[in-house]
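Report on one structure; see the data block that follows.
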Amino acid sequence: MKNHLTRRHFGLGVVAGFVAMNSKFASAADEPAVDLANPKHHKLAAEYSASCKGISMLVRVDDKELFSDYPNSGKKDRAHELASGTKSFCGVLVAAAIQDKLISSWDEKVSDTLSEWKEDTKKKTVTLRQLLSLTSGMAGGGIGRVPTYADAMASEFKFDPGQRFQYGPAPFQTFGEVLRRKLEPKKESPYDYLQRRILKPIGLQVGSWRKGADGQIHLPSGAALTATEWAKFGEFVRAGGVHEGKELLSSAALDECFVPGKINPSYGLSFWLASGAGNTREALAPGLARFRGGGEKKDDLRVPDLVFAAGAGNQRLFISRKLKLIAIRQADGILAALGGNDSTGWNDREFLSRLMYGTDAAGKKL
């Protein structure tokens, strides 16, 4: 994965942005070592997650499960909605479609498939990259109000392509219509394609997946998975689209998901990016920070590849290839979060600091 920016901003009812970091580590030399195998770190992270309505937590390193916990109402076999964590399946769908030559590249024009867009001056130049980096100019739509594929592609365009980042479900549902039309000659739905190309080959069992009035799955939200099954997806992404030695995805196409967007570098292509390059903002956790201790290494970034899928209620799938890490966190409270009433006090930086270093978000040893 390539380097990414350290600031994200979600749409309504999810998370407005990262809390600015005041790390106590003056330089890289002062930074505690990352220790993902430490049971104490697991316990500290699990206690924090549980205190914020967490119902599951799972840690895998180098494809081995090191820790799992199911507090509150959680159960190992309970499938829980990912909310907007579902969106990240779109990135792997594009990578698969590129490998299968259904799509030429991330820069293919949407109007090559949605021919009715050719008559619109804004829509006709939109690429899949712009659509799924949420910079197409299309209004995102209401969070939690998922339109049908047809209604999504008819959404208003308020800006020219490449001008604004607009978070919401409509672009993902529009992509659903693009994929539906490409698959129509094969008499295969987008969900059938996802199952055949990715989910079944990696042994991922879906608990449920909501569908719209058009009978098509909701791509921006709606998938429900257990922590174990979501981790299978994360491990597949961490492995660069390879499963049991077989390349199921084009690694080059998949890695495009982790390139910072030009308008909002906190977002790639259906994945959030927790760290970045070419900026001076602090990062999500102490060990990800660009330390400002002076000298040539004042901008050193220790973990440049942390990316994640995120959903309302603070559903999280964290992935780092450098650390060989998959960390899952699921929680109750999706509806409250969508309504703007998330009172859990959840902080991603606190969780990761505990997990990676055994410290709080400010760097204090716990």
Side-chain angles (χ1 to χ4, degrees), residues 82 84-118 123-124 126-134 136 138 141 146-155 169-225 229 232-233 236-237 241-243 246-254 256-257 269-271 309:
L82 311 184
S84 287
T86 305
K87 289 177 171 67
S88 294
F89 285 96
C90 289
V92 302
L93 277 168
V94 174
I98 289 173
Q99 186 158 318
D100 294 343
K101 302 188 186 309
L102 288 171
I103 292 173
S104 60
S105 75
W106 278 99
D107 296 307
E108 179 177 302
K109 291 181 181 178
V110 175
S111 60
D112 289 348
T113 303
L114 305 185
S115 57
E116 52 269 60
W117 278 28
K118 291 182 181 295
K123 295 179 179 180
K124 69 180 182 180
V126 172
T127 64
L128 287 170
R129 185 185 303 276
Q130 291 170 328
L131 190 69
L132 292 181
S133 66
L134 308 181
S136 65
M138 171 183 283
V146 182
T148 63
Y149 290 0
D151 288 343
M153 61 175 284
S155 297
F172 298 94
Q173 290 291 86
T174 299
F175 167 67
E177 178 62 13
V178 171
L179 190 57
R180 188 196 70 79
R181 292 191 191 187
K182 287 181 177 291
L183 293 168
E184 195 170 27
K186 300 177 180 292
K187 301 186 184 304
E188 194 172 34
S189 71
Y191 186 60
D192 293 336
Y193 182 67
L194 177 61
Q195 282 280 1
R196 176 174 63 83
R197 282 292 277 110
I198 306 298
L199 304 187
K200 287 183 179 179
I202 68 173
L204 192 159
Q205 297 292 320
V206 174
S208 63
W209 202 314
R210 283 187 283 111
K211 295 182 179 180
D214 54 5
Q216 302 292 340
I217 58 168
H218 288 177
L219 287 171
S221 59
L225 305 178
E229 299 304 308
K232 289 179 183 178
F233 175 71
F236 177 63
V237 172
V242 174
H243 180 69
K246 182 179 179 181
E247 185 183 81
L248 300 181
L249 296 184
S250 161
S251 58
L254 179 61
E256 287 294 309
C257 292
L269 293 162
S270 79
F271 284 86

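By the ring-ring contact (aromatic ring centres under 6.0 Å, His included) test, Tyr149 pairs with no residue at all, sequence neighbours left out. Partners of Thr86 by side-chain hydrogen bond (donor to acceptor under 3.5 Å, both in side chains), not counting sequence neighbours: none found. In terms of the ring-ring contact (aromatic ring centres under 6.0 Å, His included) criterion, residue partners of Tyr191 (sequence neighbours excluded) are, by chain and number, Trp209.
The backbone N or O of Gln130 lies less than 3.5 Å from no partner atom in the side chain of Ser136, so there is not a single donor-acceptor pair. Remark: the backbone N or O of Ala97 is paired with a side-chain donor or acceptor of Tyr193 at under 3.5 angstrom. Remark: the backbone N or O of Ala150 is not paired with any side-chain donor or acceptor of Glu177 at under 3.5 angstrom.
One finds a salt bridge joining Glu256 and Arg129 here, because a Lys/Arg side-chain nitrogen approaches an Asp/Glu carboxylate oxygen to under 4.0 Å. Taking a cutoff of 4.0 Å between a charged side-chain nitrogen and a carboxylate oxygen, Arg181 and Glu184 do not qualify as a salt bridge.
Note: Phe271 and Phe233 have parallel aromatic rings, judged against thresholds of 30 and 60 degrees for the angle between ring planes.
Contact annotation: the side chain of Thr127 never approaches that of Val110 to less than 4.5 Å [non-hydrogen atoms, C-beta and beyond].
In terms of heavy atoms, His243 sits closest to Pro201 at CD2-O, 3.1 Å. Listed here is the closest heavy atom pair of Gln99 and Leu249: OE1-C, 2.6 Å. Nearest heavy-atom pair, Glu108 versus Ser104, reported as atom, atom and distance to 0.1 Å: OE1-N, 2.8 Å.
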